[in-house]
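Below: the structure, in structure tokens.
In what follows, chains carry the letters A, B, and so on, assigned in the order in which the sequence lines appear, proteins first and then strands, with residues in each chain numbered from 1.
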There are 2 protein chains.
Amino acid sequence: MREYIPVLNRTKLFAGVGEAEISAMLVCLQAKQYSYKKGEYVFRQGEYLNNITVLVEGGLHVQSDDYWGNRSIINVITIGEMFGEAYAAPGSGALLNDVVAVEDSTVIFFDVRRILTVCSSACKFHSLVVQNLFFAISEKNRMLVQKLGHMAKRSTREKLISYLSEESKRQSSPTFTIPFNRQQLADFLSVDRSAMSNELCKMRDEGLLIFEKNKFTLL
Amino acid sequence: MREYIPVLNRTKLFAGVGEAEISAMLVCLQAKQYSYKKGEYVFRQGEYLNNITVLVEGGLHVQSDDYWGNRSIINVITIGEMFGEAYAAPGSGALLNDVVAVEDSTVIFFDVRRILTVCSSACKFHSLVVQNLFFAISEKNRMLVQKLGHMAKRSTREKLISYLSEESKRQSSPTFTIPFNRQQLADFLSVDRSAMSNELCKMRDEGLLIFEKNKFTLL
DNA sequence: ATAATTCGGTTGTTTTTACAACAGAAATGA
DNA sequence: TCATTTCTGTTGTAAAAACAACCGAATTAT
């Protein structure tokens, strides 16, 4: 687990905490490390969480499948990001989504109660970490609102433009890659893949953008 | 402002803080009170916030209007709830939505930096309030994910069922009222009002539910 | 290297939604 | 009280999306 301390050091959760302190906190917060093969579930809808988790290797999707097999991708977790933090509060209820490894992944679990309860001993970073938690979840909150903005658009084209524009802005470049293949992008925007593919090609033919695989350029 | 201390006392932000301490914190956190007539804007898209705010009277909608006049209602703020907390972190960027009074409303502003910076003097409740902030924003986060769940549904009918079921569950009764008229519900679910109205009546005729104004019963 | 699977694009059909326009009922205001 | 505005439901039409089925290319596995 120590090998991942440099990764943890760069996370929002441990911002302002040095490597030495993180090392101490791994013990104090009862950190545990698990690995998952591509396709395996880290959590399933309906579970109750007692951990905040940080992804230190690989990639995850937060998603849910309905009865008819329609999948909805809520969020993408990349290295250094947290998940499950919205379920840290007592009485948060069951997890609303599945969390799935989209590539071989490694995750570190931290005991929630130990983060929230200030212990008497060595680690005096709890209150900083709680503030970090707050900032991190704020950012996630804003991201969810942006996603709502995409999904609120009435047509597939508008959804695509809304999402791709934001991604271009976020990556500060008209050319950028997205973390999805076509089916995943459709699941992320909650539209039909073939219809979306069709719309993307129309937009390309109209000179709005070009793309190759998951690399897009807005014109 | 003191008249609202009992209201503040029941909020998630001040959970575990007594009325006397809240009274002290009103000074310490430089609380300011503002009132808005129905229809007035509390905040506008693009503004930068330096305050966390609590609604103590009336009702607010967090919404945004696009260029063509399509409105999207992101969230409803009821008495005792906070808003703007996702913009408390430094570098959060500009507000993504408008916040509008849907009835005559009163709001109390708290200086964000004073909440996040532990002051040396009297108020030793900062760290508790930061934890409360974290819990409150967690709840909002889960709510946004639920809303994403409604909006991810492909048809108007499914969106309605998803939303109404959740509302029924939340209010622990098959009969419940919603905080929207028809146009607002359509804006909340991002569908056309007349199409939605039509679908609602079909569902009623099929015996799935009954309704009168904003009071619904699932059968 | 070859077979099998996944992925992305295309097309035609069916279903659904958006849009527009209107009318009666209800609520609001003068 | 009466006039005005808002709200809800209804209908028909046009536009868009979902769905299904298919194909070739690319990727992955054996």
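- Scanning all heavy atoms of the two residues, the minimum distance from B:S105 to B:A101 falls at OG-CB, 3.9 Å.
- Aromatic ring centres of B:F135 and B:F14 lie farther apart than the 6.0 Å criterion allows.
- Within the 4.0 angstrom heavy-atom criterion, only backbone atoms of the sugar-phosphate kind lie near B:S155; the bases stay farther away.
- Both tests do not hold together for A:K32 against A:F110: distance to the six-membered ring centre under 6.0 Å, angle to the ring axis within 45°.
- Look at NZ on B:K159: it is 13 Å from C1' on D:dA18, rounded to the nearest Å.
- The existence of a salt bridge linking B:E103 and B:K38 is excluded, since no basic side-chain nitrogen approaches an acidic carboxylate oxygen closer than 4.0 Å.
- Within the nucleic acid shown, B:N181 comes within 4.0 Å of sugar-phosphate atoms alone, with no base atom in reach, counting heavy atoms only.
- What you find for A:L209 and A:L200 is that their closest heavy atoms are CD1-O, 4.2 Å.
- Comment: A:E212 does not engage A:K215 in a salt bridge, judged by the lack of any side-chain N to carboxylate O separation of less than 4.0 angstrom.
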- Note on the structure: Once base and sugar-phosphate atoms are separated, protein heavy atoms under 4.0 Å mark nucleotides 21-30 of chain C, 5' to 3', with B, S and - as -----SS---
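- In this structure, A:F211 atom CZ and C:dG8 atom C1' are separated by 9 Å, rounded to whole Å.
- Summarising the geometry of A:M82 relative to A:V54, their closest heavy-atom pair is CG-CG2, 3.9 Å, with the distance given to 0.1 Å.
- If you take CD of A:Q184 and P of C:dC7, they are 8 Å apart, rounded to a whole angstrom.
- Across the protein-nucleic acid pair, A:N198 atom CG and D:dA16 atom P stand 12 Å apart, rounded to whole Å.
- Ring pair B:Y163/B:F180 is tilted by interplanar angle, where 30° to 60° counts as tilted.
- Mapping B:R182 and A:N70 onto DNA chain D via the closest heavy atom, the residue that lands nearer the 5' end is B:R182.
- The shortest distance between side-chain heavy atoms of A:T53 and A:V42 does not fall below 4.5 Å.
- Minimum atom distance to the side chain of A:T156 is reached by D:dA18, of the listed D:dA18, C:dT17, D:dT10.
- Between the C1' atom of D:dT6 and the CG atom of B:N214 lies a distance of 15 Å, rounded to the nearest Å.
- Closest to the side chain of B:A195, out of D:dC19, C:dT10, C:dT17, is C:dT17.
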Between the protein and nucleotides 28-30 of chain D, which nitrogen or oxygen pairs are less than 3.5 angstrom apart?
none

